[in-house]
Number of protein chains: 2
Amino acid sequence: MKQDRPKISDVARIAGVSTATVSRVISNPGMVSEDTRATVQAAIAETGYRLNHAARNLRHQRTGGIVALVPNLSNPFFAQILSGIASVLVPAGYNLLVADTHSAGAEMLLDYAEPSRADGLIVLDGALPAAGLSGRVPVVQACEWVPGLLAPRVKIDNAAAAALAVAHLADLGHRRIGHVAGPRGNVLSEARFKGTVEALRARGLPCPDQADYAADFSLEAGRAAADRWLAADTATRPTALSFASDAMACGFIGEVQRHGLVVPRDVSVVGFDDIELIAHISPPLTTIRQPRAALGRLAAERLLARLRGENDPGDDMLLPVELVIRASTAPLV
Amino acid sequence: MKQDRPKISDVARIAGVSTATVSRVISNPGMVSEDTRATVQAAIAETGYRLNHAARNLRHQRTGGIVALVPNLSNPFFAQILSGIASVLVPAGYNLLVADTHSAGAEMLLDYAEPSRADGLIVLDGALPAAGLSGRVPVVQACEWVPGLLAPRVKIDNAAAAALAVAHLADLGHRRIGHVAGPRGNVLSEARFKGTVEALRARGLPCPDQADYAADFSLEAGRAAADRWLAADTATRPTALSFASDAMACGFIGEVQRHGLVVPRDVSVVGFDDIELIAHISPPLTTIRQPRAALGRLAAERLLARLRGENDPGDDMLLPVELVIRASTAPLV
DNA sequence: AGGCGCAATGTAATCGGTTGCATTCAGGTT
DNA sequence: AACCTGAATGCAACCGATTACATTGCGCCT
């Protein structure tokens with residue numbers, strides 16, 4: 001039965017050498033004489049030999065792969081972070097695999113943290129259990145973070161970023177400023193809400209009650225927030241809103257426009273993330289830009305440093321954000 | 001040095017049994033007596049033993065993982081397909097890993113098609129080399145397809161879908177109907193363009209020259225198409241356009257609105273895909289909806305069937321699309 | 001001529017589970 | 001009492017590559 005996959009010993013037999021030599025041709029060609037190398041390579045071509053990764057991994061005690069755990073692949077926000085990660089990992093000889101934490105069970109997620117599965121882990125989901133993640137493969141956290149997990153964090157200063165949005169709206173003259181937060185318990189939601197509240201307090205402005213506009217980052221949540229806002233008393237409802245995600249801001253704007261209102265004339269809106277799309281809708285969205293590619297790149301570089309055994313300071317890295325002013329915000333009339 | 005990871009023989013020694021018994025407790029508990037099982041489980045807990053996947057995979061000659069190759073993770077379109085795939089694969093005991101074909105080299109991609117890396121492959125990128133993909137692990141193609149690759153395809157009838165868009169616009173009275181295609185050479189672009197042209201011909205309407213509006217699926221390409229359209233002669237330019245992706249339609253609408261024109265009053269627009277966001281922008285986009293989750297689910301099910309060794313008819317599966325009429329199209333005035 | 005060193009290659013142990021086959025033993029049958 | 005059966009467990013080969021160490025042989029030095 002010739003249909004079995006050829007193994008290294010088949011190649012060795014055909015080339016008339018030992019398996020050790022074949023192995024060296026593959027992973028350390030300089031150690032083999034030119035003649036032998038040619039013979040072996042011919043034998044490899046003849047048999048169509050391909051290396052068995054399971055066997056190599058078992059022997060090497062490494063996999064050459066890094067797994068990224070993302071909470072939700074449908075959020076385009078993550079895609080650019082992942083591409084930043086890949087831009088560092090791939091040239092370094094690692095391959096990047098992505099797993100969606102929503103679609104996998106907790107048991108399976110812990111399995112990704114096994115050295116026999118991946119050499120390292122980049123965690124982009126703050127809702128994972130810290131217990132399962134520690135003491136296994138090297139881990140780096142990016143954007144989100146797991147409370148209690150002792151691993152380097154590469155992120156932005158969410159509270160300060162949220163304050164930036166408030167400052168912008170306040171500077172435009174708005175005094176009733178609302179905030180549509182992400183899901184309760186999410187580390188980003190909490191930090192951004194906290195930053196919003198503190199910024200409002202610092203300016204002596206009234207603080208929104210988080211419960212009024214708690215949501216979940218999604219388009220639909222933004223639309224629902226719009227309904228609540230539309231139903232509220234015109235004299236007391238916010239004249240400006242900051243959102244914890246661009247998606248929610250989009251959903252909100254779409255809905256209020258459908259009700260005949262005009263943004264920013266009737267309400268100013270600030271988003272968060274600066275996903276590509278929102279520059280192209282009307283009105284183009286004012287938002288807080290996160291340096292996504294840089295977040296990914298730095299997270300990957302820190303992971304590589306840990307894999308190389310360099311001792312990492314372990315501090316959080318805070319990357320700067322930027323307020324991008326477009327056309328969804330305007331002075332209070 | 002206690003810091004080594006415990007192996008199965010450590011557990012066996014502590015439990016006072018052989019490694020075979022420990023192995024059976026882990027993967028076939030029914031075969032072991034209750035007493036022994038308890039003892040072994042206690043030893044596992046005591047040592048914190050975790051099984052080495054590389055070793056198991058080597059012995060089993062399988063990995064328990066499926067890799068999905070996607071051309072571009074930043075396209076939210078793929079996320080829901082992947083979630084459909086995961087919804088089938090995960091309950092079946094497989095884990096799903098995603099690799100972005102843009103960020104990996106061709107060499108690396110072929111490695112994913114190795115049985116020692118993954119048990120199966122779901123290809124969502126039609127631009128991969130057919131040669132490297134055949135004769136390795138079982139493959140299923142979804143949405144896009146690789147010309148010449150003999151593997152089951154789960155997709156929509158792209159030409160018919162494009163014709164649906166043309167029919168809608170023609171029924172509204174439009175006679176100069178343009179099409180903004182995806183990238184040249186992409187299988188989807190070609191099929192959708194072909195369908196558009198045929199539908200126009202069948203109705204005796206003038207055909208657009210593909211070159212006029214060739215693009216690449218991106219927002220920015222849609223914006224650029226808008227500039228070309230705006231610069232064209234008002235008397236002869238299309239009064240309606242169908243796009244090969246929603247993203248391009250969004251980019252187009254954003255740009256023409258920025259120039260003071262109104263959609264659909266000044267130009268009707270039909271998108272393609274029905275990504276979630278476009279229902280929330282203004283105007284909500286008329287589009288062709290692809291059954292994304294179903295595409296993913298069916299692709300996964302066919303792959304599972306192949307893995308179980310069931311002989312697959314090998315035919316293409318065509319899933320139905322749907323024209324979703326929203327507010328970006330209107331009768332010709 | 002004898003000895004040394006280096007380059008090229010082979011030998012065999014090893015990575016850590018899995019599993020076919022052998023063994024043991026308790027309980028039941030004739 | 002001899003024998004059979006089946007459940008529970010152990011023994012050891014095996015999956016396929018890697019690599020420390022041993023071996024070979026050639027050229028060069030003294």
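Heavy-atom basis, side chains included; hydrogens, waters and symmetry copies ignored.
- Salt bridge status for Glu114(A) with Arg5(B): present, with a side-chain N to carboxylate O gap under 4.0 Å.
- The main-chain N or O of Ala43(B) is found under 3.5 Å from a side-chain atom of Thr47(B) such that the two form a donor-acceptor pair.
- The nearest whole Å value for the distance from the CZ atom in Arg13(B) to the P atom in dG16(C) is 13 Å.
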Are any protein N/O atoms closer than 3.5 Å to N/O atoms in nucleotides 24-27 of chain D? If there are, list each pair with its distance.
none

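- No donor-acceptor pair under 3.5 Å is formed between the side chain of Thr101(A) and the backbone N or O of Leu69(A).
- Panel note: side chain Glu190(B), backbone Arg184(B); no donor-acceptor pair is recorded below 3.5 Å.
- Applying side chain to side chain contact (heavy atoms under 4.5 Å, CB included) to Ser116(A) and the options Asn52(B), Leu51(B), Asn57(B) leaves one that passes, Asn52(B).
- In this structure, the CG atom of Asn28(B) is 9 Å from the P atom of dT19(C), given to the nearest Å.
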Under a 4.0 Å heavy-atom criterion, the protein footprint on nucleotides 9-18 of chain D, written with B, S and -, is BBB-BBBBSB

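- For the pair Glu144(A) and Arg153(A), the salt-bridge criterion is not met [side-chain N within less than 4.0 Å of a carboxylate O].
- A straight line from CG of Asp10(B) to C1' of dC15(C) spans 14 Å, rounded to a whole angstrom.
- Residues Ile122(A) and Ile66(A) form a side-chain contact, since some pair of their non-hydrogen atoms from C-beta on lies under 4.5 Å apart.
- The existence of a salt bridge linking Asp10(A) and Lys7(A) is excluded, since no basic side-chain nitrogen approaches an acidic carboxylate oxygen closer than 4.0 Å.
- Rounded to an integer number of Å, the gap from Ile44(B) CD1 to dG17(C) C1' is 13 Å.
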